[in-house]
Amino acid sequence: MLDKNGIAKRIARELKDGYYVNLGIGIPTLVANYIPEGMDVVLQSENGLLGIGPFPIEEEVDADLINAGKQTITMIPGSSLFSSADSFAMIRGGHVDLTILGAMEVSEHGDIANWKIPGKMVKGMGGAMDLVASAKNIIVAMQHCSKDGKSKLLKECTLPLTGIRCVKKIVSDLAVLDVLPEGGFKLLERAPGVSVDYIRSVTEGKLIVEGEIPEIVLE
Amino acid sequence: MNKVVANAEVAIEGLQDNMTLMLGGFGLCGIPENSIQAILKSGKKGFTCISNNAGVDDFGLGLLLKTRQIKKMISSYVGENAEFERQLLAGELEVELIPQGTLAERIRAGGAGIPAFYTPAGVGTEVARGKEIREFNGKLYLLEEWLRADFAFVKAWRGDTAGNLIYRGTARNFNPMMATAATITVAEVEELVPAGTLDPNQIHTPGIYVKRIFQGQHYEKRIEQRTVRKAKA
C-alpha cells in the first residue's frame, strides 16, 4: 500500500515539462514536494497566483501571500498575480494543463463527488466544480476504500456530485487506474505487495485487467 | 474628483437593514477589516452578504455572524467557522453555495452589465437544479445570472484620493470585481496617497468604480494557516 506521500510521488511522475498545474488541498498539495529536479512546472493557486513557491522561512511570512488552503507561501521568479475572475478564466478557458484533486467517490464513468456529505456539515465546493468541469486532464488522489472498508471506486457515486465524466486517472493507495471514456476502471499498476485479486475485491465499479499488472515503482 | 472620507463610520453612511453587501477577501486575506468593524458598530442587520468565505469565529465576517447581523450568506466555501455551522444547522442562517469561479464571474458580470452567461461548472450536479442548460460545441453549459449589491466593501494596499486602487499579493482575489458591482463601493487602503502619486500603468481598479475611499487603521491581517519552512543553516 502507498501512504499519502507515496501517492503524491506516483502522481508527480505524470507531470511534464512546461505544464501549468492546479493542486487541490490535501494529498495533491504534497505533489509539489516531488516535482522532478530540472522540470519546469508552474503551480496555479485558484486565489490568484501562478508560480507557487515553497513555504516561507519565518522572516518571509506575508499575510498577503497565501494558497487556496489559506497557508502562507512564497512566489518563484516569474510569478504573476491576478484576480479570482482571471484565475477561473484560465481554469475554465482550458489554459491549465493538469488538475490534481482529492475525491470521496469516483464512478466508472469518471463522475466525481468530493464536496458534500448530506446530513453532515456542508463546507461548500470552493473551486472544485469549476476545475472539474473544465480541466483538460484530471488526476484524482484518493484512498481506495473508506475507513470501514467500503469501495470508493463505484458504478455510480452515492454522494452529491462535483462533476460528471471528467476524471481521467486515479492514483489510490492500492493502484493506478485509467477511467475509460466508454466506462470502467482500467488497472495499470498495483501498489507493492497488493494483488490484482485484492484490488478487484475492493473495486465496486467495473475493473478491467489486461495482461500482467506491474507494481508501482517509486524510484 | 476627490473620493476621500474621514473613516469607516462615514464611509458606511446610507447602510440600511436588509441590504445586499459584497465583501472582498479570500479566507482572511484581503478582507475589509475597518468596514466590517464599522458595520458591526452600526447595529444594522438582515444583510445578505456575498463573500467567498465567511471568516472565522472571531474575525472577519465571523464577527457579523456572531451578532446575527447576517441573514444570508452567498459564498463558495464556508468551512472555517463553527458559529456559522451552528446557525446553519439551527436554521437561523440562509446559505447559498456557488462554485468559486461562477461566483467570481457573476460578480464580474454584474459590474460589466452582462445579465447572464453560460458556464460548464456545476453541470450534472445539484447546482444545475432549475437552471437553463444549453449545448455549445457538444458540451453542456448552465445559464448563470449576474450578482449586484447595494454596497461593496473592498480592501486595497494603496489607493489615491481619486479612488484608484492597487492590491498586493493574493489579497487581490475578489476585491476588483466587487468594486465594480455595487451601487456604492467603499474602498479602504493601507496607504492613501494624493492623486498623481500612483503610476497609472499599475492601477488595478480605476477610480470610476469607487465612491468612497479612506485610510484604514490598525490592520491585523490575521493569518489562518501559518506555515513555514526551516531556513537553511
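Order of the sequence lines fixes the chain letters, A, B, ..., with proteins taken first and strands second; residue numbering starts at 1 for each chain.
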Chain B shares the most heavy-atom pairs under 4.5 Å, among A/Ser87, A/Ser83, A/Ser84, A/Ala89, with A/Ser84
Counting only heavy atoms closer than 4.5 Å, note whether [X] contacts chain A via side chain, backbone, both or neither.
X        : answer
B/Glu190 : side chain
B/Asn53  : side chain
B/Lys221 : both
B/Arg168 : both

Do any of residues 52-80 of chain A have a heavy atom less than 4.5 Å from a heavy atom of chain B, and if so, which, in residue order?
A/Pro54, A/Phe55, A/Pro56, A/Ile57, A/Glu58, A/Glu60, A/Val61, A/Asp62, A/Ala63, A/Asp64, A/Leu65, A/Ile66, A/Asn67, A/Ala68, A/Gly69, A/Lys70, A/Gln71, A/Thr72
Select all residues of residues 32-46 of chain A having any heavy atom within less than 4.5 Å of some heavy atom of chain B, and report them by number, or 'none'.
A/Glu46
Who among B/Leu103, B/Asn52, B/Leu97, B/Asn175 has the most heavy-atom pairs with chain A under 4.5 Å?
B/Leu97
Highest number of heavy-atom pairs under 4.5 Å with chain A: which of B/Ser76, B/Ala104, B/Pro120?
B/Ser76
Once ring-ring contact (aromatic ring centres under 6.0 Å, His included) is applied, do any residues pair with B/Phe153, and if so which ones, sequence neighbours excluded?
B/Phe151
Check: residues 125-141 of chain A side-chain donor-acceptor pairs under 3.5 Å, at least two apart:
from     : atom 1 : to       : atom 2 : distance (Å)
A/Asp130 : OD1    : B/Gly101 : N      : 3.2
A/Asp130 : OD1    : B/Thr102 : N      : 3.1
A/Asp130 : OD2    : B/Gln100 : N      : 3.2
A/Asp130 : OD2    : B/Gly101 : N      : 2.9
A/Ser134 : OG     : A/Asp130 : O      : 3.2
A/Lys136 : NZ     : A/Gly94  : O      : 3.2

Once rounded to the nearest 0.5 Å, what's the spacing between atom CG of B/Asn173 and atom CZ of A/Phe82?
11.5 Å
